[in-house]
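Just so it is clear, the values below take in all heavy atoms, side chains as well, and ignore hydrogens, waters and symmetry mates. Proteins come first, then strands; the chains are lettered A, B, ... in the order of their sequence lines, and each starts at number 1.
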Number of protein chains: 2
Amino acid sequence: MDVRALETLRAVRSQGGVTAAAGVLHLTPSAVSQQLAGLTRDAGVALTERVGRGVRLTAAGEALADAAVDVAVALERARTACAVFQDGPTGTVRVAAFQSGAWLLFPRLLTRVAARGGIELRCSDEDVAQRAFAALTDSHDLVVAHRPEDGEPGWGEGVRVVPLLREPLDVALSVDHRWADRASLTPADLADEDWISVRTGFPLARALADVGLRSDTTPRVVQRINDFHVVEALVAAGHGIALLPRFACGGHPGVRLVPLAGARAGRQVDVLVRPDVAERRAVAVVLAELVAVAAEIGGGPGLRPG
Amino acid sequence: MDVRALETLRAVRSQGGVTAAAGVLHLTPSAVSQQLAGLTRDAGVALTERVGRGVRLTAAGEALADAAVDVAVALERARTACAVFQDGPTGTVRVAAFQSGAWLLFPRLLTRVAARGGIELRCSDEDVAQRAFAALTDSHDLVVAHRPEDGEPGWGEGVRVVPLLREPLDVALSVDHRWADRASLTPADLADEDWISVRTGFPLARALADVGLRSDTTPRVVQRINDFHVVEALVAAGHGIALLPRFACGGHPGVRLVPLAGARAGRQVDVLVRPDVAERRAVAVVLAELVAVAAEIGGGPGLRPG
DNA sequence: GCTGTCGTTGTAGCGTCACTGCATGGACGT
DNA sequence: ACGTCCATGCAGTGACGCTACAACGACAGC
């Protein structure tokens, strides 16, 4: 029973298909298929079953994929076991984050990690839908993801979740808006406004719908923009209002953030990491620094990154 | 980091050398050496160091060998994970035991396992010194070993120990001996007798020395025979007396076993199994049957195998 | 001190195995 | 009904690990 094949099986599960798994493994789909065939032969039971034009893991496949994670963890522990006998944690760590999270965290994180020395950070921002965050753990060591705070915390199977911070969502108004000077706003106040939201399937889309539920209305979404800086520009120009995270936004001079009263709106920012990757000392160090950065930001709501 | 190489490192530790490890792995010493070299390159630290004309594991090597056991366990769990989705436990299990243990346990064990079906037993008797028992776990799934009951229970590193039974040691006399009809004997009674013991380094050699200590004498050993049936034949012919285990001996018509009073003498019978091998369902079943057989024997001291 | 032997380490040759590329078959959407 | 996408099977090729052989170092005996 080959470890590479087990890793492949795990990738097929998290990526949801042979071709996608081949992508993150830097292989051809044919190679993945052959590894699965060999693994199935070793296991003696079917591990995948065809569903439509794709494949899905059987119950046995799921169990084996779970076991594959344990194998990977044990292997990584083995690497760590002899790594302590040499120098400190070293190597490159690949970190992915959604844009506003990247804007909020990466500058401080890079500073702190550079100060420690020995670890090279490879940061990248990824604009993916809610369900796609877990799959990023195949190509990145640490994945900073966000979700509605009241949503289920289920990110996916075989992925460890480390909470970073809860970020309140404020109402972003143009400074020329009639309520720009209000200390707070209720859902009822916002019933008849033009809204700028994000694309459906992305974490903050549901947060706005939840706010609408409080006033028994459906928010009138006139634009769907994912990049918050673009949203800010639109809000400043008076093209609508938006729900924006407090820490990551608010720098635009033409935009005012007003807290929401009578409704609890927020997003939860988590770090996703595969258990085996988490065993790497360098990854553990970066994760700890990430938590520290989040504590700094969450502790003082007015803080800016840098 | 290859799992084969990790397994090789573990074998080098338990076998105490490259050539011996190559033997149990069915490889040439050159292949083992190359695997070690590759593993050392991956680890970044020296895993072995030369001592005399052999090698020894460094601290890093020991740590990595420990981790290798965990990897093997995880891999075996993976196999078991999908094995539950097919049929019951199956396969062949290799069991080794010292001679008198084999005589005592194998017949009943074979009967019980055959009654379950699906598992093929490959039994063998091994006459090795105390320290060599642990190394047998590389070539056998289960190893039945024995040791003086008051000795340290340390069998070796990375091996799981399951106690089977404690077996008292009685004094074996010829039926013509002047004390053959005594109900019990004290160490002082035996101070001036000719003894038949086992070869030095074997478990029961120390038990006799301990009995001698109780009477402040050194037992006069006139023969050293490892096979208890040969010992019985010599005792019956009046060539000396011996310390023999109660359950495994006593069938000879010319020999009488007399309990020892005033001194507690016994041997402890254990099963040695590698943690990864213990994960195999078939091995676990056989181990459970072995424990059951031992309970039968230990429960009624007069029982004979069959 | 020299020699014989044992055990580990390096090198050339070879076999095996896994991956690439391409072709095939099935399933969904237009 | 056709095109597209995805998974799978098959031949070719490359790399990797093993065997066989040779060399070096270390211990024991004369």
Side-chain angles (χ1 to χ4, degrees), chain A residues 1-58 60-62 64-65 68 71-72 75 131-132 135 138, chain B residues 1-58 60-62 64-65 68 71 75 132 135 138:
Chain A
M1 189 161 284
D2 187 19
V3 188
R4 272 185 78 73
L6 287 174
E7 184 68 11
T8 300
L9 178 69
R10 205 199 46 68
V12 168
R13 173 172 72 174
S14 64
Q15 295 292 325
V18 172
T19 304
V24 299
L25 294 174
H26 304 292
L27 290 175
T28 58
S30 180
V32 173
S33 184
Q34 290 176 44
Q35 287 198 9
L36 254 52
L39 197 60
T40 302
R41 184 172 40 77
D42 288 347
V45 288
L47 301 174
T48 58
E49 55 189 354
R50 305 219 41 163
V51 47
R53 53 186 172 185
V55 290
R56 181 179 54 194
L57 267 60
T58 64
E62 289 284 343
L64 192 55
V71 172
L75 255 177
R131 347 202 77 188
D138 285 330
Chain B
M1 189 162 283
D2 186 21
V3 286
R4 270 185 78 75
L6 287 174
E7 184 67 13
T8 300
L9 178 69
R10 206 200 47 67
V12 168
R13 172 171 73 173
S14 65
Q15 295 293 325
V18 172
T19 303
V24 298
L25 295 173
H26 304 291
L27 291 174
T28 58
S30 181
V32 172
S33 183
Q34 290 176 45
Q35 287 197 11
L36 255 51
L39 198 60
T40 303
R41 184 172 40 77
D42 288 347
V45 289
L47 300 174
T48 57
E49 56 190 354
R50 306 217 41 163
V51 46
R53 52 186 173 184
V55 290
R56 182 179 53 193
L57 268 60
T58 64
E62 289 284 343
L64 192 56
V71 172
L75 256 176
D138 286 330

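- For the side chain to side chain donor-acceptor pair (under 3.5 Å) condition, the pairs that include at least one residue of residues 15-30 of chain B, sequence neighbours left out, are B:Gln15-B:Asp138, B:Ser30-B:Gln34.
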Could you list, one pair per line, each protein nitrogen or oxygen that sits under 3.5 Å from a nitrogen or oxygen of nucleotides 12-17 of chain D, together with the distance?
none

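- In this structure, B:Leu36 atom CG and D:dC18 atom P are separated by 12 Å, rounded to whole Å.
- Contact check of residues 22-33 of chain A against DNA chain D (heavy atom, cut-off under 4.0 Å) returns A:Pro29, A:Ser30, A:Ser33.
- Under the 4.5 Å side-chain criterion, counting only non-hydrogen atoms from C-beta, B:Leu57 is in contact with B:Val12.
- In terms of heavy-atom proximity, A:Ala22 sits nearest to A:Pro29 at CB-N, 3.6 Å.
- Residue pairs meeting the side chain to side chain donor-acceptor pair (under 3.5 Å) criterion with at least one partner in residues 37-49 of chain A, sequence neighbours excluded, are A:Glu49-A:Arg56.
- Residues of residues 37-46 of chain A that place a heavy atom closer than 4.0 Å to DNA chain C do not occur.
- Residues A:Leu39 and A:Leu64 have side chains in contact (heavy-atom distance under 4.5 Å, counting atoms from C-beta outward).
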Atom pairs under 3.5 Å: protein N/O with N/O of nucleotides 22-26 of chain D:
none

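- Across the protein-nucleic acid pair, B:Leu9 atom CG and C:dT8 atom C1' stand 16 Å apart, rounded to whole Å.
- Heavy atoms only, all atoms of each residue included: B:Ala5 and B:Gln35 are closest at CA-OE1, 3.4 Å.
- No option in B:Leu25, B:Leu27, B:Leu9 other than B:Leu27 meets the side-chain contact (heavy atoms from CB on, under 4.5 Å) test with B:Arg4.
- The nearest pair of heavy atoms linking B:Ala60 to B:Ala46 is CB-O, 4.0 Å.
- Across all their heavy atoms, B:Ala11 and B:Val24 have their closest contact at CB-CG2, 4.4 Å.
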Show your working on side chain to side chain contact (heavy atoms under 4.5 Å, CB included) between B:Leu36 and B:Leu47 and close with a plain yes or no.
CA-CA 8 Å; B:Leu36 255 51; B:Leu47 300 174; over 6 Å; no

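- The two residues A:Ser14 and A:Ala135 make their nearest non-hydrogen contact at O-CB, 3.8 Å.
- Ionic pairing of A:Arg10 and A:Glu7 is present here: one or more N-O contacts between side-chain nitrogen and carboxylate oxygen are shorter than 4.0 angstrom.
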